[in-house]
Amino acid sequence: TAAMNLYTQMAMLNDPSNAFSLLAEGAMSGTLMLPPDTPEGLGRELIFPYDTGLAFVLAVYNAGDRDAVNAAFSDLPVTTEQILHPEKYLDGETGITLEGLNMPVSEGAELLWDLPLGEYYLREWLRYMGVEFSASRAAAGWGGDQFRLWQEENGDLVWSLHSAWDTLEDADQFAEAVASISTDIPDAVQLLDGQGSCWPFDGQWYCFLYPPQFSLPTTFLTSAPTLEQASAPLISVAEGGA
């Protein structure tokens, strides 16, 4: 995309009328717009490499010209945070490794995912939950995470997310965003004297914990069909369990 844009700019400088023909060809190909019924979250994911990825490549190019871009193919970004914040890629900042949080699932449940989620998908989860305006700010400062997803034999999904943050301020911002989700949900409940909360949404229960006893700013999120299933591992964490 960066090469295409640079080529287009050069073509326009040589002959401004080229801009109209290039745009017309793009419109006729049907590749300039997503289908109108594309879900917003999927649309953002599809566009991500073309807009945020473009900004990343240009930042690398500005930092070291074409040689730096070529070198990036041998030193690929390893987190979506590095794409969203190119300065973190240039500084060599990566996500820290965390242990995933176990959930109470049946013996026949299948562990589908056990991997980092990353800043981009954490931001998308906030948007899914209704946090639009501050989702990007709340997910920034991501320091690492481990996401685990199980599917029960009956098809129910159960997941946990253990996240670390760069600073206490970053963790506070994320906690404030999560707290805003349950503000208008009548069935929301406080957890562990205000360290966390649980709320129902779209057929699932979600629970959040921001414990003060960890040396690294840390948060926990869980989701399960029942309040008991979602809250049990967070209560265990707060009481010093695994």
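Numbers for residues simply follow the sequence, beginning at 1.
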Side-chain donor/acceptor pairs under 3.5 Å, residues 34-47, sequence neighbours excluded:
residue : atom : partner : partner atom : Å
T38     : OG1  : P35     : O            : 2.8
R44     : NE   : E124    : OE1          : 3.1
R44     : NE   : E124    : OE2          : 3.0
R44     : NH2  : E124    : OE1          : 3.0
E45     : OE2  : Y121    : OH           : 2.4

Check: Are the side chain of E152 and the backbone N or O of S106 linked by a donor-acceptor pair below 3.5 Å?
Finding: yes
Note to self: Using a 3.5 Å distance criterion without hydrogens, assess whether the side chain of T8 forms a donor-acceptor pair with backbone atoms of L6.
What the structure shows: no
Check: With distance as the sole test, does Q146 use its side chain to make a donor-acceptor pair with the main-chain N or O of D114 at under 3.5 Å?
Finding: yes
Checklist line | side-chain hydrogen bond (donor to acceptor under 3.5 Å, both in side chains) between Q204 and S223, intermediate numbers included | finding: CA-CA 7 Å; Q204 289 276 108; S223 177; 3.0 Å; yes
Checklist line | Salt bridge flag under 4.0 Å for residues D170 and R137 | finding: no
Next item on the list: Take atom CG of D91 as the centre, draw a 6.0 Å sphere, and report whether it contains more than 12 heavy atoms from other residues, nucleotides or ligands.
Entry: yes
Item checked: Co-members of the apolar cluster containing V78 [side chain, <4.5 Å] -> none
Note to self: Please report whether the ring centroid of F48 lies less than 6.0 Å from that of Y120.
What the structure shows: yes
Margin query: Please report the interatomic distance OG1(T80) to CD(E119), rounded to the nearest 0.5 Å.
Written below: 6.0 Å
Next item on the list: Provide the closest heavy-atom pair for L54 versus N5 in the form atom of the first, atom of the second, distance.
Entry: CD2-ND2, 3.3 Å
Margin query: Under a 3.5 Å distance rule, please check whether N14 uses its side chain to pair with a backbone N or O of M10 as donor and acceptor.
Written below: yes
Check: Between L122, L117, L98, which is the residue that forms a side-chain contact (heavy atoms from CB on, under 4.5 Å) with F147?
Finding: L117
Check: Does any N or O in the side chain of Q82 come within less than 3.5 Å of the main-chain N or O of E93, such that one atom is a donor and the other an acceptor?
Finding: yes
Check: Where is the tightest heavy-atom contact between L84 and R123, given as atom of each residue plus distance?
Finding: CD2-NH1, 3.6 Å
Checklist line | Nearest atoms (heavy-atom pairs only) where L216 meets A164 | finding: CD2-CB, 3.5 Å
Check: Are I235 and L191 close enough that some pair of their side-chain heavy atoms sits under 4.5 Å apart?
Finding: yes
Item checked: D145 side chain vs H162 backbone, donor-acceptor pair below 3.5 Å -> no
Check: For A232, does its backbone N or O pair with a side-chain atom of S236 as donor and acceptor, under 3.5 Å?
Finding: no
Margin query: For W142, give me all partners under ring-ring contact (aromatic ring centres under 6.0 Å, His included), at least two apart in sequence or on another chain.
Written below: none
Check: With sequence neighbours left out, what residues match Y210 under ring-ring contact (aromatic ring centres under 6.0 Å, His included)?
Finding: none
Notebook entry, point to check: Does anything in residues 46-63 pair up under side-chain hydrogen bond (donor to acceptor under 3.5 Å, both in side chains), and if so which pairs, sequence neighbours excluded?
Noted result: Y61-D65
Below 3.5 Å, can you tabulate the donor-acceptor pairs from side chains in residues 153-161 to any protein atom, sequence neighbours excluded?
residue : atom : partner : partner atom : Å
N154    : OD1  : D156    : N            : 3.0
N154    : ND2  : D156    : OD2          : 3.0
S160    : OG   : L101    : O            : 2.6

